[in-house]
Engineer: 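Here it is, the structure in full.
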Amino acid sequence: MLTVRRALAIIILLAVVAVVAGIWLNRPDTPQQLLDQLPADVDLALQELHYTQNENGRAVWSLDATQAEYQRESGVARLENVALVLYQEREFGQVELTARRGHFDQQANEIEARGDVVLVSERGDRLYTDRLRYDANRKQISTADAFRYLSSGSELTGVGLQIDLVSGRMTVENDVRARFVPEMEP
């Protein structure tokens, strides 16, 4: 006589066997078949990428992405769900960037972020744009697109922006608009 417990145990066992059989039957037979499933221009595909750039034994920046596809010939990695942290960038302190997509050009030491780009500094400044480039060699952040920059008591908008992280200098190319809002006292 079959009890409810035994029936449930048999159902669970059959479900586990079905899942294992499905995985086993759908697996590639050889490593070459697995590689053939990758796009032709991808040499290496990664899930959950974490890369930290060090200089003189100190972390300078780190890059995270949920997916990365690296092309050896060009030295470029295509990224999904990008998170970039720039450590101790002078007056800005730690700077954090998020975006939906991006590229990491290892040879040029540049990262381009695209899609809902948000950059937040340790002091609370925020930059919103659709595309942003970080040049690690020159320590510069730039965009040719429209942007919105919020800082303590002010809002700056325009098209085309370059920020020199070493000097703290910001250059806006076109359509500059600034709005100053007095800060509220606690």
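No hydrogens, no waters, no symmetry mates; every other heavy atom, side chains included, goes into these values.
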Engineer: Following the transitive rule for hydrophobic clusters with a side-chain heavy-atom cut-off under 4.5 Å over Ile, Leu, Val, Met, Phe, Trp and Tyr, establish whether Leu156 and Leu165 coincide in one cluster.
Structural biologist: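 Yes, Leu156 connects to Leu165 through the hydrophobic network.
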
Engineer: Under 3.5 Å, side-chain donor or acceptor atoms of residues 141-151 against the rest of the protein: list the pairs with distances, not counting sequence neighbours.
Structural biologist:
unit_1	atom_1	unit_2	atom_2	d
Thr143	OG1	Arg131	O	2.5
Thr143	OG1	Asp145	N	3.1
Asp145	OD1	Arg131	NH2	3.4
Arg148	NE	Glu155	OE2	2.7
Tyr149	OH	Asp125	OD2	2.7
Ser151	OG	Asp125	OD1	3.1

Engineer: Which value, rounded to the nearest 0.5 Å, describes the distance between Gln140 atom CD and Ser167 atom OG?
Structural biologist: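 Between Gln140 CD and Ser167 OG, I get 8.0 Å after rounding to 0.5 Å.
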
Engineer: To the nearest 0.5 Å, what is the distance between CG (Asn81) and CG (Leu49)?
Structural biologist: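 So the gap between those two atoms works out to 12.0 Å.
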
Engineer: Take Val60 and Arg58 through the test side chain to side chain contact (heavy atoms under 4.5 Å, CB included) and record every step on the way to the result.
Structural biologist: CA-CA 6 Å; Val60 179; Arg58 169 176 118 18; 4.1 Å; yes

Engineer: Aromatic rings Trp61 and Phe104: how do their planes relate, parallel, tilted or perpendicular, breaks at 30° and 60°?
Structural biologist: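 Perpendicular: the ring planes of Trp61 and Phe104 meet at over 60°.
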
Engineer: Is there a side-chain contact between Val95 and Leu119, using heavy atoms and a 4.5 Å cut-off?
Structural biologist: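 Yes - at least one pair of side-chain heavy atoms lies under 4.5 Å apart.
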
Engineer: Which atom pair, heavy atoms only, marks the closest approach of Thr52 to Ala59?
Structural biologist: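 For Thr52 and Ala59, the tightest heavy-atom pair comes out as CG2-CB, 3.9 Å.
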
Engineer: Which value, rounded to the nearest 0.5 Å, describes the distance between Asn174 atom CG and Leu161 atom CG?
Structural biologist: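 Between atom CG of Asn174 and atom CG of Leu161 there are 11.5 Å.
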
Engineer: Of all heavy-atom pairs between Gly102 and Val82, which one has the smallest distance, and what is that distance?
Structural biologist: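 Result for this residue pair: N-CG2, 3.8 Å.
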
Engineer: Give the minimum heavy-atom separation between His103 and Leu79, together with the two atoms involved.
Structural biologist: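 Result for this residue pair: C-CD1, 4.2 Å.
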
Engineer: Going by salt bridge (charged side-chain N to carboxylate O under 4.0 Å, His left out), name the residues that satisfy it together with Asp116, two or more places apart in sequence or in a different chain.
Structural biologist: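 With neighbours one apart ignored, the set is Arg100.
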
Engineer: Answer yes if Tyr134 and Tyr51 sit in the same cluster of Ile, Leu, Val, Met, Phe, Trp and Tyr residues linked by side chain heavy atoms under 4.5 Å apart, and no otherwise.
Structural biologist: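 Same cluster.
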
Engineer: Same cluster for Val117 and Val120 if Ile/Leu/Val/Met/Phe/Trp/Tyr side chains link at under 4.5 Å?
Structural biologist: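 Result: no, two separate clusters.
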
Engineer: Side chains of Glu96 and Gln94: donor-acceptor distance under 3.5 Å anywhere?
Structural biologist: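 Yes, Gln94 and Glu96 have a side-chain donor paired with an acceptor closer than 3.5 Å.
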
Engineer: Rounded to the nearest 0.5 Å, what's the gap from CG on Asp135 to CD on Glu112? Could you check?
Structural biologist: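 Rounded to the nearest 0.5 Å, the CG-CD separation comes to 12.0 Å.
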
Engineer: Evaluate the side-chain proximity of Gln71 to Arg78: yes if any heavy-atom separation is below 4.5 Å, no if none is.
Structural biologist: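 Yes, their side chains come closer than 4.5 Å.
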
Engineer: As an exercise, state the distance from CG of Asn137 to CD of Glu110, rounded to the nearest 0.5 Å.
Structural biologist: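 It is 7.5 Å, given to the nearest 0.5 Å.
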
Engineer: Among Val118, Leu97, Leu132, which residue meets the side-chain contact (heavy atoms from CB on, under 4.5 Å) test with Leu127?
Structural biologist: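 That would be Leu132; it is the only one of Val118, Leu97, Leu132 passing the side-chain contact (heavy atoms from CB on, under 4.5 Å) with Leu127.
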
